[in-house]
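Below is one structure, written out as structure tokens; comments come after it.
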Amino acid sequence: MNIVLTGMGVMSSLGNNVDTFFRGLLDGKSGVVAVPDWKKYNGLFCHLAAPVPDYDISSLPRTARRSMSRMSEMAYLATCQALTQAKLPTTHELSSPRVLLCMGSTSGSPLALETYFNKIKEMGGPIGQLSTSFFKIMNHSVASNVALGLNLTAPQISPSAACATSTQAIILGWELIHAGLYDVVIAGGADELHFTTAATFDTVQAGSRNYNDRPEMAPRPFDAERDGLVVSEGAGVVILESEDHAKKRGAAPLAKLLGGAYLGDGIHMSQPQTSSMVTVMGMALERSGVNPIDIGYVNAHATGTVLGDSQEAEATAQVLGDKIPVSSLKGHLGHSLAACGAMDIIASVEMMRSGWIIPTRNLVTIDPSCRRIQHLQEKKEVAVRTVMSNNFAFGGMSTSVLISSI
């Protein structure tokens, strides 16, 4: 069974729709800015972030908006974009046991969590809490609020695998359509910006701290001067369908999802493992029926951390050699956590459709530990038919996806 992508939606630090997002990538723009207010937090050394530009959600009824955090709002808007492109309803008319909503986040809203527990501490208990607080901090908040915004009565799954969340959601969608359980899967993920997220990476010395006065120069995936990642926010959503279902309703496929794999290595919570990356890429190739020589481009997870980038470069070299162009988009976008996998896949689809592949921004001097792969340092016009997109997360979570042009 062939499975196709028929719609895509993005809320990103480079823009709040797919066209603006991809144009920003083509133009080599950076969404990273300095956040001087973060200097007040003791022990937080990274004062950079990549926020999503202002957006308008006032058209959504207040009854739906009041339980939404920022990440749920962004996920809803990205979902509406994807459904519109796919020419599917954005209302209850989409409701069906044959439609699955598969969408997640790293956690509940960090801003809502901060507000909730500050109030508990201030008042000595739950008195004064808003009745909608819990609906912003529960782990399935994004999926539930998107469903509420769409008035969607349909099956829901809410995966949570940090930086691999939306990739895992997309692979799950592929598996479940392939199994014949669903015709359509709305898959993706979202996260919102908050200082505690940056602090998480700072605590394990994985946040960039040497470029606070030069935000456009960070992060620096694969570069010899890289010093960590920069947190971002956003949402990425794709519509998956069986090819037969898409054809029956006259939809125009954007790309094929050939398959993918996910893996938990059970070795270390924060240190990425080359062996696990090698295994998951091999699994994805086998499940997709793709020969490595047919891959035209690899979209790397590479966030700009010293260990993560070198481990990923080594794994990619072991599986694919040094003849395939490789780049990471984190230098443009920052690291949007649960949204990054879907964003990477959307960007990869646009690369195949446009005939241009995007280089790694801020990659000036390739680190010796990352030299065994073919780095893309300049935008390149080339016809690519098959892409591998990889994402790796804390907890030993590894994912790999193969997509192809129509």
Side-chain angles (χ1 to χ4, degrees), residues 11 35-47 49 51-52 54-58 60-77 79 101-153 156-163 165-166 169 188-204 206-207 231-235 269-270 335-339 393-395 397:
M11 300 289 287
V35 189
D37 188 57
W38 283 5
K39 293 178 182 179
K40 69 185 181 185
Y41 298 113
N42 293 328
L44 180 61
F45 301 102
C46 179
H47 305 143
V52 165
D54 291 342
Y55 55 84
D56 182 13
I57 200 166
S58 60
L60 191 64
R62 184 179 176 278
T63 51
R65 292 202 317 268
R66 65 184 181 181
S67 62
M68 286 188 176
S69 63
R70 183 172 172 84
M71 62 186 184
S72 291
E73 292 173 348
M74 292 187 290
Y76 169 77
L77 292 171
T79 301
L101 179 64
C102 187
M103 194 172 295
S105 58
T106 301
S107 66
S109 164
L111 177 59
L113 282 163
E114 180 190 18
T115 303
Y116 181 84
F117 287 109
N118 278 347
K119 191 75 171 180
I120 290 280
K121 184 177 179 181
E122 175 191 347
M123 304 302 293
I127 188 171
Q129 291 286 356
L130 294 174
S131 61
T132 55
S133 294
F134 179 72
F135 308 121
K136 297 179 181 180
I137 64 177
M138 59 191 189
N139 267 26
H140 61 299
S141 177
V142 166
S144 294
N145 276 289
V146 168
L148 179 65
L150 297 174
N151 195 17
L152 176 67
T153 302
Q156 292 180 37
I157 298 177
S158 184
S160 181
C163 318
T165 296
S166 56
D191 264 316
E192 65 191 49
L193 196 58
H194 196 258
F195 80 91
T196 56
T197 307
T200 298
F201 294 103
D202 251 14
T203 301
V204 295
V231 293
S232 181
E233 64 178 348
M269 290 301 290
S270 62
H335 189 2
S336 56
L337 306 177
F394 278 174
M397 301 296 291

List the atom of [X], the atom of [Y], and the distance in Å for their closest heavy-atom pair.
X	Y	value
R65	L60	NH1-O, 2.5 Å
L337	T197	CD1-CG2, 3.2 Å
A169	P159	CB-CG, 3.8 Å
S166	A338	OG-O, 2.8 Å
A75	V142	CB-CG1, 3.6 Å

Exam field: side chain [X] to backbone [Y], donor-acceptor pair closer than 3.5 Å:
X	Y	answer
T165	G189	no
S158	M103	yes
E233	V52	yes

Open item on the list: Enumerate the side chain to side chain donor-acceptor pair (under 3.5 Å) contacts for residues 101-123, please, sequence neighbours excluded, ordered by first and then second residue.
Closed with: T106-D191, S109-E192, E114-H194
Open item on the list: Can you see whether S67 engages N145 through a side-chain donor-acceptor pair at a distance of less than 3.5 angstrom?
Closed with: yes
Within-4.5 Å side-chain heavy-atom neighbours: [X] and [Y]:
X	Y	result
M123	I120	no
L101	I157	no
L111	S69	no
K39	L44	no
L150	Y76	yes
S144	S141	no

Open item on the list: Quick check: F394 with F201 (ring centres under 6.0 Å apart)?
Closed with: yes
Distance check, rounded to the nearest 0.5 Å: [X] atom [atom1] versus [Y] atom [atom2]?
X	Y	atom1	atom2	result
E73	Y55	CD	OH	4.0 Å
I57	R70	CD1	CZ	10.5 Å
F195	W38	CZ	CH2	9.0 Å
S133	F117	OG	CZ	10.5 Å
L193	M74	CG	CE	8.5 Å
H47	K40	NE2	NZ	11.5 Å

Open item on the list: Is there a side-chain contact (heavy atoms from CB on, under 4.5 Å) between M11 and L77? Walk through the geometry before answering.
Closed with: CA-CA 8 Å; M11 300 289 287; L77 292 171; 3.7 Å; yes
